[in-house]
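Data first, discussion second: the structure below is written as structure tokens.
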Amino acid sequence: MATNQNLHKVAAVIGAGPAGLYAAKQLAANGVRVALINRDIKPGGLAEYGIYHSKHKMKQGLRKQFRKILELPEINYYGNVMVGQDSGLSLEDLREMGFQAIMVAVGAQGTKWLGLPGEDLNGVYHAKDIVYHYNRLPPFSTQPFLIGDRVALIGVGNVMIDIAHWVIRDLKADEVVAVARRGPQEVKFTKKEMENVANNLDQAALEAEIERVKERMQAVGQDPQAAKDFILSALPKAKEPVSDSRFLFQFLSSPCRIIGDEDGNVTGLEVEDTKLVPRNGDTKARSLETKRILDVDTVVFCIGDKVDDEFGLPVQWNEFVKHPEPEYPVNDVSFEAYDHEVEEPVEGVFVSGWSREASSGLVGVARKDGENGAEALSQYLEKQAPVNNTDEVIKKLEQILRENFDAVVTKEDIKKLEDAEMDEAQKLGVESYKMNSNEEMLAAIGKQTVPGD
Ligand SMILES: Cc1cc2nc3c(=O)[nH]c(=O)nc-3n(C[C@H](O)[C@H](O)[C@H](O)COP(=O)(O)OP(=O)(O)OC[C@H]3O[C@@H](n4cnc5c(N)ncnc54)[C@H](O)[C@@H]3O)c2cc1C
Ligand SMILES: NC(=O)c1ccc[n+]([C@@H]2O[C@H](COP(=O)([O-])OP(=O)(O)OC[C@H]3O[C@@H](n4cnc5c(N)ncnc54)[C@H](OP(=O)(O)O)[C@@H]3O)[C@@H](O)[C@H]2O)c1
């Protein structure tokens, strides 16, 4: 195996979610020295802080794989470091230090605001923040999320089901209504995930709702019965209910305004009726201009996320811009960051995972994207002159981290943290235990400064 002394290529990977971790692993396998820099103390991204908190087995399995990646000698890990144009470490800084290429795998950290009146009312949330909250990602872990009795969830994907799962089984709200701009045939959640909440479905209300929209479905050749059967197919293996929450759907309803009282609290959600129009083998929702008000006190947008506009890469249509004619395509996909205003690539910068395509696919998809992105980046590196001493580049990074960041976390620290959390779980007799704040995690590691201090 290559040792770090005889590696003559060096790259930074930003973000240690599935895409960044597997990109780092692939780069290491290709003989590249890697600095893996992560905003959160812990690696894992949404695998740690997105996947539903009670999926212990899946999370433990993924953690085990991530641990193995961090053990690779070619990879240095720097957690608790936010990269960005306004942070203590930017893409330009990394290039100046001598990193020959950078893989941006920071996920999709921006929020998709729709610009609706009332979006700023108390009781309006975005799914990602709530998911971070119940998965204990600081600072969301300690922020209050005031969920009422009647909760509207906008969007009908698996994230909506995760939020419904939490609101129905943990919070036991009276009513949860999933609001879809399209119809029952276009729901995006899977049967498997629906099994978590299917026993709370108000079946009579579902029947009535499908009856209400069936003509609009039939107008585009859809089969209302088949769509209903899919939703109900989750019933045979559905989890036993633990609350009386009623789970409802409102189809062909696009949110247009959130209504509040004089104290700024949500009192309703106005939706516009829509119809379906065929578009490229799929359908689009088109407004019918008629409106209705749903009686809810909380609104959660579960409509996917966008990339962080402030990160320091050009953004268009909620995504980092990719080179339209990539020099290093893998499977016809472009991983190369591109400045569309000057029509030039962002030299040496690549994107993968949800940073390449926001809110798209499972962990396995992000993993493959990270690996393919790493192959594209490796092709680019082949054209770069070798670096005499990659240690020098790593040392420069550690120097800047010491100067600009308070407590940078290494892979050894992560091991200590995992041990401390495992001890705590054992003491409490629970399957998994997570510390709630960065302070608590840093105290468990006994860590306040970066390596070398
Ligand atoms: C609610 C939810 C539930 C899900 N459940 C499942 C599931 O059950 N099964 C499944 O297979 N998939 C699930 N997924 C999908 C899966 O989590 C994603 O496919 C995958 O995590 C995307 O990986 P990524 O590495 O691209 O981004 P992320 O996982 O988002 O990782 C991004 C990483 O970048 C870091 N970062 C962000 N900004 C910066 C910055 N400025 N500087 C440095 N680091 C930064 C973050 O700390 C994070 O570690 C779920 C997704 C969501 C939203
Ligand atoms: N357990 C799991 O396996 C799990 C759990 C969570 C997430 N995930 C994965 O993570 C990815 C992201 O999930 P997701 O649920 O966020 O995305 P998704 O599956 O794409 O669903 C997003 C939903 O939001 C709606 N939407 C988008 N923009 C909208 C707008 N402007 N107005 C109204 N509605 C809008 C979409 O409707 P349209 O269809 O009309 O666009 C769709 O119903 C998916 O690949 C998902 O499978 C997996």
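Start at 1 and go down the list; that is how both ligands and their atoms are numbered. Residue numbers start at 1 and run along the sequence shown.
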Would you check whether A105 reaches within less than 4.0 Å of ligand 1, judged by its heavy atoms? yes
R212/E209 salt bridge by N-O under 4.0 Å criterion: yes
Whether K112 and D305 form a salt bridge (side-chain N of Lys/Arg under 4.0 Å from carboxylate O of Asp/Glu) is what I want to check. no
Which residue holds the protein heavy atom closest to atom 25 (O) of ligand 1, what is that atom called, and what is the gap in Å? A19 N, 2.9 Å
Enumerate, atom names and distances included, each donor-acceptor pair closer than 3.5 Å involving a side-chain atom of residues 247-255, sequence neighbours excluded.
| unit_1 | atom_1 | unit_2 | atom_2 | d |
| --- | --- | --- | --- | --- |
| Q250 | OE1 | R292 | NH1 | 2.6 |
| Q250 | OE1 | R292 | NH2 | 3.3 |
| S253 | OG | F251 | O | 2.8 |
| S253 | OG | R292 | NH2 | 2.8 |

Which ligand 1 atoms does G353 reach within 4.0 Å, using its non-hydrogen atoms? 26 (O)
Output yes when E193 and K55 qualify as a salt bridge under the 4.0 Å nitrogen-oxygen rule, no when they do not. yes
State the atoms of ligand 1, each with its element, that fall below the 4.0 Å cut-off from a heavy-atom position in G45. 29 (O), 31 (O), 48 (C), 49 (O)
Which bit of K55 is near ligand 1, meaning a heavy atom under 4.0 Å away: side chain, backbone, both or neither? side chain
Option with minimal heavy-atom separation from atom 46 (C) of ligand 1, where the choices are D308, N38, T190, L21: N38
Should E421 and K42 count as an ion pair when the cut-off is N to O under 4.0 Å? yes
According to the side-chain hydrogen bond (donor to acceptor under 3.5 Å, both in side chains) rule, which pairs have a member within residues 312-321, sequence neighbours left out? E319-K322
Using modelled atom types and a 3.5 Å cut-off, is there a donor and acceptor pairing between side-chain atoms of R169 and backbone atoms of V197? no
If you count the atoms of ligand 1 from 1 in the order shown, which ones are under 4.0 Å from a heavy atom of F311? 41 (N)
Note: K416-E412 ion pair, threshold 4.0 Å (strictly below): no
Between I51, D305, D369, V159, which one has a non-hydrogen atom sitting closest to atom 53 (C) of ligand 1? V159
Below 4.0 angstrom, N of the basic side chain to O of the carboxylate: do K368 and E371 qualify? yes
Protein heavy atom at shortest distance from atom 51 (C) of ligand 1: W354 CH2, 3.8 Å
Kindly list each side-chain donor-acceptor pair under 3.5 angstrom involving residues 81-91, sequence neighbours excluded, with atom names and distances?
| unit_1 | atom_1 | unit_2 | atom_2 | d |
| --- | --- | --- | --- | --- |
| Q85 | NE2 | E310 | O | 3.1 |
| S87 | OG | M82 | O | 2.6 |
| S87 | OG | G84 | N | 3.3 |
| S87 | OG | L89 | N | 3.1 |
| S87 | OG | L89 | O | 3.1 |
| S90 | OG | E92 | N | 3.4 |
| S90 | OG | E92 | OE1 | 3.3 |
| S90 | OG | D93 | N | 3.1 |
| S90 | OG | D93 | OD1 | 3.4 |
| S90 | OG | D93 | OD2 | 3.2 |

Short side-chain to backbone donor-acceptor contact, Y125 and L146, under 3.5 Å: yes
Any idea which protein heavy atom is nearest atom 15 (C) of ligand 1, and the distance to it? G361 O, 3.6 Å
Tell me, which protein residue and heavy-atom name are nearest atom 12 (N) of ligand 1, and how many Å apart are they? V363 N, 3.4 Å
Against ligand 1, does N158 come closer than 4.0 Å with any heavy atom? no
Residue and atom name of the nearest protein heavy atom (relative to atom 42 (N) of ligand 1), distance in Å to one decimal: V83 N, 2.9 Å
For I14, atoms of ligand 1 separated by under 4.0 Å from a heavy atom: 42 (N), 43 (C)
Please state which option from D40, V351, L36 has its nearest heavy atom closest to atom 47 (O) of ligand 1. D40
Identify, for atom 45 (C) of ligand 1, the protein heavy atom at the shortest distance, and state residue, atom and that distance. R39 CB, 3.4 Å
I'd like to know if R39 and D308 make a salt bridge, using a cut-off of under 4.0 Å between side-chain N and carboxylate O. no
May I ask you to list the atoms of ligand 1 that are less than 4.0 angstrom from any heavy atom of G50? 1 (C), 2 (C), 3 (C)
Stepwise ring-ring contact (aromatic ring centres under 6.0 Å, His included) test for H53 and W166: CA-CA 9 Å; H53 55 97; W166 182 62; 8.0 Å; no
Salt bridge R246-E175, side-chain N to carboxylate O under 4.0 Å: yes
Looking at R356 and D369, is there a salt bridge between them, counting it only when a charged N and a carboxylate O are closer than 4.0 Å? yes
Taking a cutoff of less than 4.0 Å between a non-hydrogen atom of the residue and any ligand atom, is V365 in contact with ligand 1? no
Below 4.0 Å, non-hydrogen atoms only: which portion of Q109 touches ligand 1? Side chain, backbone, both or neither. side chain
Yes or no, since that's all I need: does a protein heavy atom fall within a distance strictly under 4.0 Å of atom 28 (P) of ligand 1? yes
Looking only at non-hydrogen atoms, the one of I163, V106, L46 nearest atom 32 (C) of ligand 1 is V106
At a non-hydrogen distance cut-off of under 4.0 Å, which region of P18 contacts ligand 1 (side chain, backbone, both, or neither)? both
Any salt bridge between E48 and R63, counting N to O under 4.0 Å? yes
Which N or O atoms of ligand 2 sit under 3.5 Å from a protein N or O, and how far apart is each pair?
| unit_1 | atom_1 | unit_2 | atom_2 | d |
| --- | --- | --- | --- | --- |
| ligand 2 | 1 (N) | K55 | NZ | 3.0 |
| ligand 2 | 1 (N) | E193 | OE1 | 3.2 |
| ligand 2 | 1 (N) | E193 | OE2 | 3.2 |
| ligand 2 | 15 (O) | N158 | N | 3.4 |
| ligand 2 | 15 (O) | V159 | N | 3.1 |
| ligand 2 | 24 (O) | C302 | O | 3.4 |
| ligand 2 | 28 (N) | R181 | NH2 | 3.4 |
| ligand 2 | 31 (N) | R181 | NH1 | 3.4 |
| ligand 2 | 39 (O) | R182 | NH2 | 2.8 |
| ligand 2 | 39 (O) | K188 | NZ | 3.2 |
| ligand 2 | 40 (O) | R181 | NE | 2.9 |
| ligand 2 | 40 (O) | R182 | NE | 2.9 |
| ligand 2 | 41 (O) | R181 | NH2 | 2.8 |
| ligand 2 | 43 (O) | V156 | N | 2.9 |
| ligand 2 | 45 (O) | G361 | N | 2.8 |
| ligand 2 | 47 (O) | N158 | ND2 | 3.3 |

Answer yes if a protein heavy atom lies under 4.0 Å from atom 10 (C) of ligand 1, otherwise answer no. yes
Would you say Q399 and E403 are linked by a side-chain donor-acceptor pair, where the criterion is simply a distance under 3.5 Å? yes
Nearest to atom 31 (O) of ligand 1, what protein heavy atom do you find, and at what distance? G17 CA, 3.4 Å
Nearest to atom 1 (C) of ligand 1 by heavy atom, N135, V131, I161, L89: which? V131
ring-ring contact (aromatic ring centres under 6.0 Å, His included) partner of H165, the single match among Y52, F189, Y134: Y52
Y52, portion touching ligand 1 at heavy-atom distance under 4.0 Å: neither
One pair to check against side chain to side chain donor-acceptor pair (under 3.5 Å): Q225 and D229. What are the steps and the verdict? CA-CA 6 Å; Q225 183 64 40; D229 288 348; 2.9 Å; yes
